[in-house]
Structure formats: C-alpha cells, structure tokens
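Only one structure is covered here, and it is reproduced in the block below.
All figures in this text were calculated on a predicted structure; none of them were measured in a lab. Chain letters run A, B, ... following the sequence lines, proteins first and then strands; every chain starts at 1.
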There are 2 protein chains.
Amino acid sequence: MAAGKEVVEGMEWRIRVADGSSEALVPATGLAGKVWVGIEGILWGFALKVWMFFKRACAIGANDPRKVIHCLKVGLALALVSLFYFIKPLYDGVGGNSMWALMTVVLVFETTVGATLYKCINRVFATFLAGFLAVGVHWVACRSGETLEPYVVGASVFLLASAATFSRLIPTVKSLFDYGAMVFILTFSFVVVSGYRVDKLFDMARNRVSTIIIGTSLCILVIMFVCPIWSGQELHSLIVRNMDKLADSLDGCVTQYFNQSGECTNNLEEAGKKLQGYKCVLSSKASEESMANFARWEPSHGKFKFQHPWKQYVKIGSSMRGCAYCIEALNSCIGSENQASLIKKHVSKGCMKVSSSSSNAIRELAEIVKTMKKSSTIDSLVSEMNSAVQELQNDLKSLPGSWNRSTVREHKTLEVAWSEATPTVHFPVMEMIPVVSLACILIEISGQIEAMVDAVGELAKLAEFGVHEDKCKLSEMEEKNEGTVKALSSNPRFSEL
Amino acid sequence: MAAGKEVVEGMEWRIRVADGSSEALVPATGLAGKVWVGIEGILWGFALKVWMFFKRACAIGANDPRKVIHCLKVGLALALVSLFYFIKPLYDGVGGNSMWALMTVVLVFETTVGATLYKCINRVFATFLAGFLAVGVHWVACRSGETLEPYVVGASVFLLASAATFSRLIPTVKSLFDYGAMVFILTFSFVVVSGYRVDKLFDMARNRVSTIIIGTSLCILVIMFVCPIWSGQELHSLIVRNMDKLADSLDGCVTQYFNQSGECTNNLEEAGKKLQGYKCVLSSKASEESMANFARWEPSHGKFKFQHPWKQYVKIGSSMRGCAYCIEALNSCIGSENQASLIKKHVSKGCMKVSSSSSNAIRELAEIVKTMKKSSTIDSLVSEMNSAVQELQNDLKSLPGSWNRSTVREHKTLEVAWSEATPTVHFPVMEMIPVVSLACILIEISGQIEAMVDAVGELAKLAEFGVHEDKCKLSEMEEKNEGTVKALSSNPRFSEL
C-alpha cells in the first residue's frame, strides 16, 4: 500500500521533470523492471519529500533570520565548550569532567536571554544546594554502618525526589524554580548514589559544580553578547504589534460592513489578513505569560530597567483580549448578512466614527507603549471616542418615533417600502438586529478600550514613562489655538502630565 | 526595612498564639533584648511563611491526590534505578555507567503516560542515531591526522548542532521530535568530542545506549503499571467537563438576566462560579493541544484504541471556544444593566427556550463524548433548538408595529408610560438594545452549537462510536408515541444511526 502511494508520487514527480529525462516515462517490462520502477519511485518520492522539507525550512529561515542566528549561536557555544576537550590544560583543569559543561550548554541554551538566565541561575543554585545536601546525607549514611547505608541512601533519594517533584506542581514554585527543582533531583540523586561507589565524593561534587559554572558562564556570554534576543523586548514588541492588529481589525471590520472602502477592494487578500489580525491577540496569552516570566530574570537592556514592570504587560494583554473577544463577536454578528437598509445608513456615520475614534485610541496606546513616552493626545482621543459613543447612542435613541416621512425622503437612494397607513415609520426589528447589535458591541468595545487605557496608564506610572517632547509642544499649541484644555483636565488618568 | 516587616508579621503571629505563651508579649529592654526580639521575629515570620506554604501544598495535594501519587512514582523510579549502584553485579554489568540510567529517569519521567512515552522513544532513537553518526565522524576525524582532528570534530559539532537546533524551530518537527533533537545534539557532541580523549569510544557509546534503554524501560514500567495517568483519558475528560461548564454558564447567564431563578439565589457563590465556567474553555487551548500531541504516543487503553482520532478533540475544543467567545460577549453585553422592561418580558420566554434547548444540546454532546455512544436524541434536540431560534426570531419580528394597546395591557405588571397620542407603541431603542443583542448572540450561539455538533459527529464517525442501547429504545418509543420521525430524518448529520 505505502509503496504504491510512493510510486504514484514518484510518477507525478517524474512527469513534472519529464522534459529532462523523457525515457523514464517508457513503461518497464518484466518483474525486475517493475521492482526497479518501484524502488526508483520510492527514492524519488523520498527525495521530493526531503526537498519540500528543505524548501519549507529555508522559507522559515528567510522569514525570521534571527532563528538562523540562534542556531549558529548554539553551534558556537558548543564549539567553544569543546575546547575543554581539545586543549590539554583545560581538560586536566576540570579533572576530565568536561562532559558536564557540554551537557549544561545543551540543556541550558534557550532562544532568549531571559530563558537562558532563568535556567542558568536555577541550575547553579540547585546544583549547589543539592550537592551540599547530598554530601551531608552521604556523611550520615557512612556512619550508619555498611548494611544500613543503601537503605538510608535509597530512602533519602525517594523522599527528596518526591518532595522536589511535588514542589514543581505548586504554581508559585513552578513559575520561578521548575527547572531548578529538576536539576536538584538530578544532582542530589547522582551525587548521593555515586557516593556508594566513588571514594572521592567531595572532589566529584566540586568538579560537577565547577564545570556547571563554566558551562553556564559560557552560555551567558554567548547569549548576551552575540545578537541577543531579549524576552522583555519581544514581549514589548508583541504587545505593540497586537495593538496595531486590533486597531486594523476593528477598522477593517466596520468599514467592510458599511462598505465604504471602495479603494480597499483592490487588495482583498491583504484586507482579509488585516481583518483576522485580532485572532493573534486571542491566542497569545501563553506566550505573553512565559515571556513576562523570563523577562524578570533579564538585566537592564535597551530602554528597559532591571525591575521593569513586566507583569503589567500581561495585564495589558488581558485587557486587549477583552477587546478581541468583542471583535470576534462583531465579526460573527455581521458575517451572516450585509444588505443595505435604511437603519444601516442612519447609524453608519455614528458607527464609523466610534470605530475610527476607537482604533485611533488603540493606535495611540500602541504609540505610548512603543515610545515609552506619555502622550497627552490619548486623553483627547478618549474623550473624542466617548463623545462619538454618545452621538451613536443618540442616533439609536432617535430611531423609532421621531422619524417621519420627511426623514425617509432624505434617504431616497434606498428603495424601501413603508406602510402608507401610519404617519410614523416602523422598522422591522429583524432588519434592525444586526445593526443594533453592531452598535451595541461597538459601545462595548469602547468600554474595553477604556480598560486598556487604564492598564497602559498604570504601566506608564510604574515604569515612569517620560513625556513626549513633540507631542507636548503640539498639545500646547493645540491648547492655545483650539482650547481643548477642558477635555484634558476632565480625564484624571493622565492628569499628572 | 525587611527585618521590620518580618517583626510585624512575627508580632501578629505571636498575638494569634498568645494564649500559649503570654510572656512573649512583654516588651524586651536594652539592645540585646531588641536584637533578640528582631531575630525572634524573623524566625517566627519565616516559620509562618513555611507553615503557610506547607498548608497550601497540603491543600493542593488533597485537592488532586494523583499529584501526590505522581511524586511517589518519581521517587519509586529513582529508588529502583539506584539499585544499579547498590547491587554489585548490576553496577559492573553496565561498566560503571549507571549515571546515565539515573539521568534518563530524572529527565524522562513525566506526569502522563503519553508524555513519558514520547520522551522515552525520542531519547532512545535520538541516542542511537547520534551515536552512529558520532562514531562515523570520529572515524573520519581519526583518519584526517592529528592536527586536523580537533577542527573536523569542532566543525561537525558546530554544523550538526546548528542544523538540529534549526529543526527544532520547524513546527512539524517540534511537535513530534523536539526532545529527540535536543538529545541528538547532546549525545552527538558528547560522543564525538569525548572521542578525542577516550580510547574505547565504541564501548562508551554502547554503554550509553544500553543504560539509556535500561532507564527508559524502567520509566515505562513504572508510569504504565503504577496508577497510570493517560493523556488521552485526560483530554477526553477535559472536553466533557468543559462542555458541561459551557452549558452551565449559558443557562446561568440567561436565567440570571431574566431573573427567574428564585431558588438559585440561596447559593449565590456557587451560581457565580458556574457562570464563570466558560472561562476555563477560553484558556484551555494550549493544554488541549499538548495533551492531543502526547496522546498519539499512547497504546490502547480503556475505551481508546491506539490510533484514536485525538486531533478531532482539538477541533471540538476550538468549536467550543467559538461558543465561549459568544458567552463572553453575552456576559459583557448584559452585565451592565438589568432593569425590567416590556420588551424583556416579551422575548424572555423565547430567549429562555433557546438557551435551555441550546444547553440541553451541549449536555447531550457531552454525554455522547463521555459514553462514546452515538445518540439519536441529539437530532431532536438540535431541531428543537432550531425551532426555538425560529420562534425567537418571530418574536423579534413581531416587536414593533404589530403591538398595540391591548398587547400592552396584557403586560400590566410592568409600569410603563407610553405616549397616549399614537395608536401603536414605539419602543425606545436604548431599552431594546441589550435585549435585542442578547437575542442576537443567543441565535449566534445556536449556530456555534451546530458547529460543535458537526465536530462531535465527525469524531463519532472517525472513532466508530457504537449506538447507545437505552437511548435507541427510548427514541423508538418516542417515535411510536409522538411521531417525531420527521425531525430526525430531516437532519442528515446523524442519519447513519
């Protein structure tokens, strides 16, 4: 069966490359010929698969060159640690225990600085602690007589390994010391059990500790000084990127619904991609949390200080997810139908205004996070958004009752059939539902954005963001020219500016 | 500062236990006394913290005894592997290389059978492959002369480590062979670099492979025969549990909004917990995927065959998340206000019917997945849900225009002030919005449930679910008595029953 499938693949492949070797298409006769064709087919199929795999791998590498750099860094670190084998004095210096350094490099080297530091620090401290404990237990076991010794050692391994494994299941310990607990179990059992067979246990423990320190130092040097990738920086960029995606999705979704994007239709695929951007926000919870976890271990780098409030980024992320859920609901509620109606026309301006002011506010938040400068425009954008929401609510309030024939006449472009008997216009509710839901969700989104503004404001406070020079001047000018001071002072969130 | 804080904590602690040792509250005089109080405070604070930690750990253990069993299993496996040190013939049998078996147990032992098998199989195959390659490279290096040897070895380590690291970044490789790639790098560099210093390289490689096989076999024995926890079973239960939570949340949310739960209010906390159940569904994506990944490696167990369609569970999970997003939107859209209105009263029956028929359908789906038996009632439940949706849509259609004074009079219980001038009733749209949105989202939820039904139907087909005996008889009786045959035959999804 499998071979048959491979043959088919092989045939297809040969047909594709037929211009190069046309005689391959001549059917072979006899058993030997058939077997040969079969084997050839399998080989071609395999080669094709390998070739496809390489092509995809190249695409991944070209897409994100930092991945390639990471791979080269791992190779470099391993080549460097090999020197402890190649250079005689170094090899003798660690008593022939270079293998621990090598192993440390393989196990500890991660993509980002934070993750590597977390593992290095955990590994060194856990090894120290376990080594001390193991030497202590070994001392007790030695004094308990030859028959009892294996029982004491075995019981201590059983108890401490169970306890350390249990500690890995406690959330607070897991987030900080998961790897450390594993290394603790490894080192403790290794040292204490070896003590039964090895004479110079203390030397062994010392050698293990020193080679692990060598391995971790080498890792730290390579990861920090050869094109470093910082968890914190990654988290920061992820949040900014996701905010922009949210704004694009929101804009795109509402614009598409009200069909005012005549110029956008020439690039449908890109528009569709933009619309789906919010899905990244929905699925980035786990990566945000792990990045924030690792970023805690990183020293000051770039714009970030050592104790940068990384936890706040997780909070911003979760407020963004609140917004993304709403966009998901928006998408599913307008996805089913898109027919023109009078009500749609009536509220379209209000909805468009809310969505554009909302996405402007999100973009400004992205800018604040990106530049790490407080911005005074966010207040005016938020109040703009709120007034747009108010307007939309007024539009909705005015829907039935206050409309009469003359209002209908204003919308002559739409063909609508209204009952002639009553003086006021009654809207069919089924027609209203999608539009009203959309408006309702838009209003909800503006609420979620306020939560985002709060979260970013909290970050600005915790991380002591500076004031944006240009924006400051701009807002001063605005203040003089247009007198928007009230809007700024009425919002207490960024009032410290 | 920190010491001061500890003292305060210590004081609190002492006050709480004051009945036991009242003289501790007498303030100490002099510098020595103050230092003593400080130290005592620190010690008490530390003891308190340790105590709290233990209490929390005990709570975690009591909450899920399987965690404790897992810890004991790790201890057991390590104690067993220690026998390779304690028993002389075993120790000599592996040439003093027992440490690799010990290390394998620590690194490979995971909570579930699937995860452990994945790591074991990866480790064994990667070690074999890397060992062969390393011996080959060593052979080439030896023949290239003494000066070139370190360069050949170093270059091979650099190249293969980089390539293997890169392969770990390709999604398909990562999901199946991530751990294998790491072990490959480790074994290859270890064996090939050791070849520079060790004479009997082949013996070393053979020893490493045999000890690793001993370690993995031991792990597999312990994990599979001592209270095994199967990834597949866990995934199965998680999906069933999450479905029930979805149904509870949906029911609770709508019932709370329409305030018909007089008997529910006596247990507010539990009701609140039920309402929030859907949040588990939102955040379980990562764990579902990893469980499905590990379950692939598991042999036949319980009701599940070796090639059970685990991927389909991930699809069901994602359709459930679609439903959970809607419930999130439902929650946020009704969370803000809960005032009684005429419209609310008008659609409440329809909404309640849709929500109860929807949650019944979800519960039936949970039952199908749980029992792994096809159910014929799901078709009638889905058609019931669809007719409830149709009714609700009719209710909504009939809202404005068709209502007149007499309809209003029927709802006398509510105090409403309507304008006396017009013969028909105009609803203020602002009052309508939350109700109409709720109805709209409920209709959307029913659509999402149909997607869930499809996903579960696909699972039933792939995993060849049997037919539920009792249900079959029940539905036959129903068929005879009430003649609901049409509803069943009209839905083609489960028509193979």
What pair of heavy atoms forms the shortest contact from Phe53(B) to Ile170(A), and how long is it? CZ-CD1, 3.7 Å
Measuring heavy-atom distances to chain A, does Lys285(B) have an atom under 4.5 Å in its side chain, in its backbone, in both, or in neither? side chain
Measuring heavy-atom distances to chain A, does Leu159(B) have an atom under 4.5 Å in its side chain, in its backbone, in both, or in neither? neither
At a heavy-atom separation under 4.5 Å, does Val173(A) approach chain B through its side chain, its backbone, both, or neither? side chain
Worked verdict on Met99(B) versus Phe190(A) for side-chain contact (heavy atoms from CB on, under 4.5 Å): CA-CA 7 Å; Met99(B) 56 160 287; Phe190(A) 177 62; 3.2 Å; yes
Who passes side chain to side chain contact (heavy atoms under 4.5 Å, CB included) against Lys88(A), sequence neighbours left out? Asp92(A), Arg197(B)
Specify the closest pair of heavy atoms between Tyr196(B) and Tyr85(A), including all atoms of both residues, with the distance to one decimal. CD2-O, 3.7 Å
Name of the residue among Val183(A), Thr187(A), Ile185(A) meeting side chain to side chain contact (heavy atoms under 4.5 Å, CB included) with Val106(B): Ile185(A)
Side chain / backbone / both / neither for Thr172(B) at chain A, heavy atoms under 4.5 Å: side chain
Between the CZ atom in Arg168(A) and the NE2 atom in His70(B), the distance rounded to the nearest 0.5 Å is 7.0 Å
The interface call for Ile87(A) against chain B, heavy-atom contacts under 4.5 Å, is backbone
Main chain of Cys71(B), side chain of Ser162(A): is a donor-acceptor contact present, judged purely on distance under 3.5 Å? yes
Is chain A contacted by the side chain of Arg56(B), its backbone, both, or neither, given a heavy-atom distance below 4.5 Å? side chain
For chain B, which candidate among Ala79(A), Ser194(A), Ser283(A) shows the most heavy-atom pairs at distances under 4.5 Å? Ser194(A)
Please tell me whether Tyr325(A) and Tyr325(B) form a close aromatic pair, meaning their ring centres lie under 6.0 Å apart. yes
Would you give the length of the straight line joining atom CE of Met103(A) to atom CE of Met103(B), rounded to the nearest 0.5 angstrom? 3.0 Å
Straight-line distance of Leu102(B) CG to Leu186(A) CG, nearest 0.5 Å: 7.0 Å
Note, Phe109(A) side chain near Thr165(B) side chain (heavy atom, < 4.5 Å): no
Portion of Ile327(B) that has a non-hydrogen atom of chain A nearer than 4.5 angstrom: neither
Pick whichever of Leu83(B), Ile60(B), Val105(B) has the most heavy-atom pairs under 4.5 Å with chain A. Ile60(B)
Return the option, out of Val157(B), Asp64(B), Leu80(B), with the maximum number of heavy-atom pairs under 4.5 Å with chain A. Val157(B)
So how far is it from Thr111(B) OG1 to Leu169(A) CG, rounded to the nearest 0.5 Å? 6.5 Å
d(Leu160(B) CG, Leu78(A) CG) to nearest 0.5 Å is 11.0 Å
Would Leu107(A) and Met182(B) count as a side-chain contact (heavy atoms from CB on, under 4.5 Å) here? Give the steps. CA-CA 8 Å; Leu107(A) 293 176; Met182(B) 202 187 78; 3.2 Å; yes
What closest approach, in Å, do Gly75(A) and Ala161(B) show between heavy atoms, and which atom pair accounts for it? CA-CB, 4.3 Å
Which heavy atom of Phe166(B) sits nearest to which heavy atom of Val68(A), and what is that distance? CE1-CG2, 4.1 Å
Non-hydrogen atoms of chain A under 4.5 Å away: do they reach the side chain of Val192(B), the backbone, both or neither? neither
Any chance you could lay out the side-chain contact (heavy atoms from CB on, under 4.5 Å) test for Phe158(A) and Leu72(B), step after step, and finish with the verdict? CA-CA 8 Å; Phe158(A) 178 82; Leu72(B) 299 180; 4.1 Å; yes
